[in-house]
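Note sheet for the following structure.
Treat the numbers as computed from the prediction; the structure is a model and nothing was measured.
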Amino acid sequence: MTAATLAAMGAPVRLIANDVGADEHGKFVTGWLGDRDVQPGYILRPTVATPRIVVTADDQHTRTWFAHLPEVVASLERADLAPIAEASFLYLDCYELIEPTVVRVIGAGRTAEVPMLLNLGGSKLSATVKRALDGYGNLLVQTNVDDDDREHAPALATALLSETDAAWVIVTAGASGAVAVSHSEEIAVQAFPVEVRHTHCAGAAFSAGLLYGQRAGWAMERSMVLGSASGALRCARHHSAPLPSLVELLAMLPREERSVAS
């Protein structure tokens, strides 16, 4: 979703992911990404059963995930990381299940000297990943807390900053907005008020806006505001609705922040 949302903003995107099957689900995924101008960095294999995750939600916006991920770990360990050498920015989901691949991607990004946004997704930073990140230049770390824990977001950001060589740590807190901490600044941005239809992939949409701004050389606060706008429109729209364009997102920003440089 982060890749597709970035592409909807007009950024060139290549998705490095696990292989998918030539079955109905695999063809759907490939078509969905193609329709959204995301270049796939995976292989369509007839012998593979496409992994899938079923997400259920209730009226309180609580989600439960049911994952079927056959061969995902092995597939990711075979992924071709060569495109990272040509990237202008690297986004990496840091999930415990795929930690060996996470470490390999960090190494490839370090070799290519590519700025990176590492998304912990609410998970703790493991000792293995922490060692891999040691000395990584141009690093941003993102994670999240629940709305009820929003008051802990600045402390969590500060703690992660002390554990890494990140330039910034960004912590989202749903409807309570987001905070970012560097060694010299602390920034807080509010969430945009919208009628929430769902919360699925809101964090991914925020990441896309944040990454777009950072790639374009924007200040952190403005990048976060774009991320908040992206997350808000994702929550306000039906799953099948078009992803927000950059023009739509900029229209949500304060007037003085609407100009854009690619």
Hydrophobic cluster membership, L246 vs M1, 4.5 Å side-chain cutoff: yes

Check: A204 main-chain N/O paired with T2 side-chain donor or acceptor under 3.5 Å: yes

Any donor-acceptor pair under 3.5 Å from R197 side chain to R234 backbone: no

Polar contact flag, side-chain donor to acceptor under 3.5 angstrom, E77-T101: no

Hphob cluster co-occupancy, V105 + I43, side-chain heavy atoms under 4.5 angstrom: no

Min side-chain heavy-atom separation L156-T143 under 4.5 Å: yes

Residue pair S228 / F206, side-chain heavy-atom distance below 4.5 Å: yes

Rounded distance [0.5 Å steps], CZ in F192 versus SG in C235: 13.0 Å

Donor-acceptor pair between S207 and Q142 side chains, under 3.5 angstrom: yes

Donor-acceptor contact below 3.5 Å, side chain D146 vs main chain D148: no

Heavy-atom side-chain proximity of S230 to M9 below 4.5 angstrom: yes

Nearest-0.5 Å distance, CD1 of residue I170 to CG of residue L117: 6.5 Å

Reported CG-to-CG distance for the pair L211 and L90, which is rounded to 0.5 angstrom: 9.0 Å

Chi angles and distances behind the side chain to side chain contact (heavy atoms under 4.5 Å, CB included) call for F89, L140: CA-CA 11 Å; F89 224 110; L140 306 177; 4.2 Å; yes

Note, R215 side chain near P12 side chain (heavy atom, < 4.5 Å): yes

Distance-only side-chain donor-acceptor flag, S126 / E99, under 3.5 Å: yes

Check: R14 side chain, A87 main-chain N or O, donor-acceptor pair, under 3.5 Å: no

Pairwise side-chain contact, V194 with V196, heavy-atom cut-off 4.5 Å (strictly under): yes

Least distance between heavy atoms, G213 atom then L226 atom: N-CD2, 4.4 Å

Minimum heavy-atom distance between R150 and S176, given as atom pair plus value: CD-OG, 2.8 Å

Exceeds 12 heavy-atom contacts within 6.0 angstrom, atom CD of E96: no

Heavy-atom closest pair, residues A167 and S182: O-CB, 3.2 Å

Residue pair Y42 / S75, side-chain donor-acceptor N/O under 3.5 Å: no

T30 side chain to K27 backbone, donor-acceptor under 3.5 Å: no

Rounded distance [0.5 Å steps], CD in E113 versus CG in N138: 9.0 Å

Pair Y91, N119: side-chain N/O donor-acceptor within cut-off below 3.5 Å: yes

4.5 Å side-chain heavy-atom contact, V179 and V169: no

Intermediate values then yes/no, salt bridge (charged side-chain N to carboxylate O under 4.0 Å, His left out), R237 and E195: CA-CA 9 Å; R237 292 182 173 181; E195 183 177 349; over 6 Å; no

Rounded distance [0.5 Å steps], CD1 in I84 versus CE in M116: 9.5 Å

Residues V102, Y95; criterion side chain to side chain contact (heavy atoms under 4.5 Å, CB included); working and verdict: CA-CA 8 Å; V102 167; Y95 299 137; 5.9 Å; no

Shared hydrophobic cluster, V103 / L120 (ILVMFWY, side-chain heavy atoms < 4.5 Å): no

Single-linkage hydrophobic cluster, 4.5 Å side-chain cutoff, L253 and I187 together: yes

Exam field: side chain D149 to backbone H152, donor-acceptor pair closer than 3.5 Å: no

L249/V247 under side chain to side chain contact (heavy atoms under 4.5 Å, CB included): CA gap, chis, key distance, verdict: CA-CA 5 Å; L249 295 175; V247 171; over 6 Å; no

Over 12 non-hydrogen atoms of neighbours within 6.0 angstrom of CD in E151: yes

R110 side chain to D134 backbone, donor-acceptor under 3.5 Å: yes

Connected via hydrophobic side-chain network under 4.5 Å: V48 and V73: no

Minimum-distance pair of heavy atoms, taken over all atoms of M220 and A180: CG-CB, 4.1 Å

Nearest atoms (heavy-atom pairs only) where E186 meets P154: OE2-CB, 3.8 Å

Check: E248 side chain, S245 main-chain N or O, donor-acceptor pair, under 3.5 Å: yes

Heavy-atom closest contact (P254 atom, V225 atom, distance): CD-CG1, 4.4 Å

Worked verdict on R78 versus D19 for side chain to side chain contact (heavy atoms under 4.5 Å, CB included): CA-CA 9 Å; R78 297 190 302 265; D19 297 336; 3.8 Å; yes

Nearest-0.5 Å distance that lies between atom CD in Q214 and atom CH2 in W168: 8.5 Å

Residues N144 and T172: side-chain donor-acceptor under 3.5 angstrom: no

Side-chain heavy atoms of V13 within contact of Q39, under 4.5 Å: no

Close side-chain approach of P51 to P70, heavy-atom, < 4.5 Å: yes

